[in-house]
Amino acid sequence: MRSRIVRDAVVYRDHVQAIKSGFASTIFTCNQLIHIYSNHGLFQDAHKLFDEISHPNVFSWNALIRAYIKAHNLRQARAVFDSASNKDLVSYNSMLSAYVGADGYETEALDLFARMQSERDTIGIDEFTLTTMLNFTAKLRVVCYGKQMHSYMVKTASDLSKFASSSLINMYSKCGLFREACNVLSGCDGVVDLVSKNAMVAACCREGEMDMALNVFWKNSELNDTVSWNTLIAGYAQNGYMDKALALFVEMTERGIRHDEHTLASVLSACSNLKCLKLGKCIHAWVLKNDFSSNQFISSGIVDLYCKCGNIRYAESVYEGIGIKSQFEVASLIVGYSSQGDMTKAQRLFDTLSERNYVVWTALCSGYAKLQQCEEVFKLFREFIITEALIPDAMIIISVLGACATQAILCLGKQIHTYILKMRLNMDKKLLSAMVDMYSKCGNIMYAEKSYQLMTDKDRDAILYNVMIAGYAHHGFENKAIQLFQDMLKKRVKPDAVTFVALLSACRHRGLVEQGEKFFISMKEDYNVLPEVYHYACMVDMYGRANQVEKALEFMRKIPIQIDATIWGAFVNACQINKNTSLVNKAEEELLKIGADNGSRFVQLANIYAAEGKWDEMGRIRKKMRVKEAKKLVGCSWIYVDNGTHAFTSGDTSHAKADAIYSTLMCLNGKELKQLHEIGGDVFVDIF
DNA sequence: TGGAGCAATG
């Protein structure tokens, strides 16, 4: 590809020589050649040719400005713009569009737009300016400015072009006003061009309205191009329908529609998520054959594919082969290391970077958060605030809120909430869901509820409903959980597997067996959500807690999937609650058969026998536990004081202030503790 | 002779 460009450019250079040596060169041909040079990446030649024009006209100046914009040299483009003796609205629009398209030039874009407006008599604005500014508001997600643009366009009748409709659909969709985007489309009376149609498909995908996306896609399908197919494939992949994304890719190929790097990036993402190494490798081979490796979306997608398929060595070798590495490729490998639990390698890779963007910070932060290494998350977040001149984005904050939830550190969670408000960070659905989850897991259901209510009815998605339903369930408000589920259905939000785990969990804690059974049947029959391990385990646990251990066993006999240690664990628990040693033998056999090495299960079994006074049986289990070297994770409690977590296990004396803690506890009899609880006192206040 | 719109990565 590159050699062809250079070869063409040499032809054009010879052409210029010919013009210079005999043919009359007009300013028109020189201007055209500046464009040709810059289109072929020969920016210095373009400038040299410009310098040779004795009296450059406005077209010459604009061609040179475009050349520097194409070279991504906005400073030089602006210098030419400022020094140009001839400027018109095209010069301004070119410069404005360049600022809007680049990152970090928001102020310059706004200043230039303000200048164009204030000098209305000499410069002014036209429909090119308006579509560019719609793009700007879409990028910044500032819907109030977008609406002002729209109003002005209606007033000046410049909202009717195909450029206007696609830009408006795009702006409303990216600003989260899906209905308004639909209104723009219906305002076109069904006559839309391909770009507007594609923008609408993208808007539906962004909203998760895949049926609607499919309808728009297939209407006037003769118009569809590679972008249309790419949009829909990416939409399916982003909404979790990986198999549909792959099926569409197959159909696209069968129909002979050309695919490009966008297509491959989405297909790679679908392969990674499905852990479909076979197809992923085919795509990798295709990429190598067609020389697409230099595309950072694709190379990071390939690294991600091998990481998600568990082949870290291969991912590393692909990564090493990338010449100039972008931060997305680094992030893919950091996420890969994190998913393997190898935070040492993840941190080492992060430390080698001289510049870090949001992506790599988030990758490392979420890696620590997923492994529940919460102190590291907090440390990293502090480092981010101190070392980066950036406002943290939602993804980083979500990881920090997740760490607060894991550790149940309410005070820190509140600090993060305050920080979000202080920095005026956009509270989107994902961030708000993380906040609701944090408050709920930190024990403050009232704040969780208040946060949940910040999002209007129509903007609540399944994730937000799920965290609130789970919150109610864990705090013992089963009726509220069920009510919210009804509300979710009324608002036409489709429940998923997580919703039903929360609902079944609510039922098992309150002994609502009938209601739980109804949910269990309904999830598959009415909502097409197939039960997974956790749903089965919840049901077994529910029967156990309701003293219906025989029913639990009957239920287990009908489970169509492989019964794993989680479900057997729930059954052992049921036996323990019901003091049923006759059925526990069966569970013991199965647990040993599937090679469960979780010590908790053995301790549970031993305890059941001990409770029945069957000491021989108990001794036998303990012995098995020793032979298998099964270790039970020790349960612990912790308290967060002065930026530090203090964890305690039963009989633990390892804490530096253990003596003081124990002597204080000794002094506190039941009555004193009760008084402390009544006045809301903290036992540890004077110790730390 | 020139300037504007749709799709991809944590």
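Proteins get letters first, then strands, A, B, ... in listed order; numbering begins at 1 in each.
The stretch residues 159-168 of chain A participates, sequence neighbours left out, in these side-chain hydrogen bond (donor to acceptor under 3.5 Å, both in side chains) pairs: Ser165(A)-Ser196(A). Evaluation of the ring pair (Phe, Tyr, Trp, His ring centres under 6.0 Å) test over residues 65-93 of chain A, restricted to residues two or more places apart or in two chains, returns His47(A)-Tyr68(A), Phe81(A)-Tyr92(A).
The base of dG10(B) is paired with the side chain of Thr362(A) by a donor and an acceptor separated by under 3.5 Å.
Under the 4.0 Å criterion applied to side-chain N and carboxylate O atoms, Glu52(A) and Lys48(A) are not assigned as salt-bridge partners.
The nucleotide whose nearest atom lies closest to any side-chain atom of Glu261(A) is, among dT1(B), dG3(B), dA8(B), dA8(B). Nearest to the side-chain atoms of Arg66(A) among the listed nucleotides dA8(B), dA4(B), dA7(B) stands dA4(B). For Asn198(A), counting side-chain heavy atoms from C-beta on, the closest listed nucleotide (dC6(B), dG3(B), dA7(B)) is dC6(B). Checking dG10(B), dG5(B), dT9(B) against the side-chain heavy atoms of Ser300(A) singles out dT9(B) as nearest. Of the candidate nucleotides dT1(B), dA7(B), dA8(B), dA7(B) has the atom nearest to the side chain of Ala202(A).
Applying the side-chain contact (heavy atoms from CB on, under 4.5 Å) rule to Ala247(A) yields no partners; only residues at least two apart in sequence or on another chain are considered. In this structure Phe297(A) satisfies the side-chain contact (heavy atoms from CB on, under 4.5 Å) test together with Ala265(A), Asn295(A), sequence neighbours excluded.
Asn170(A) has a side-chain polar atom (N or O) that falls below the 4.0 Å cut-off from OP1 or OP2 of dC6(B). Within the structure, every side-chain polar atom (N or O) of Lys308(A) is placed at least 4.0 Å from both OP1 and OP2 of dT9(B). Distances shorter than 4.0 Å separate some side-chain N or O of Asn135(A) from OP1 or OP2 on dG5(B).
Across the protein-nucleic acid pair, Lys70(A) atom NZ and dA4(B) atom P stand 9 Å apart, rounded to whole Å.
At the heavy-atom level, Val201(A) lies nowhere under 4.0 Å from the strands shown.
Residues from residues 315-346 of chain A with heavy atoms under 4.0 angstrom of DNA chain B, sorted by number: Phe328(A), Val335(A).
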Donor-acceptor pairs under 3.5 Å, side chain of residues 178-191 of chain A to any protein atom, not counting sequence neighbours: which ones?
residue, atom, partner, partner atom, Å
Ser186(A), OG, Cys182(A), O, 2.8
Ser186(A), OG, Asn183(A), O, 3.3

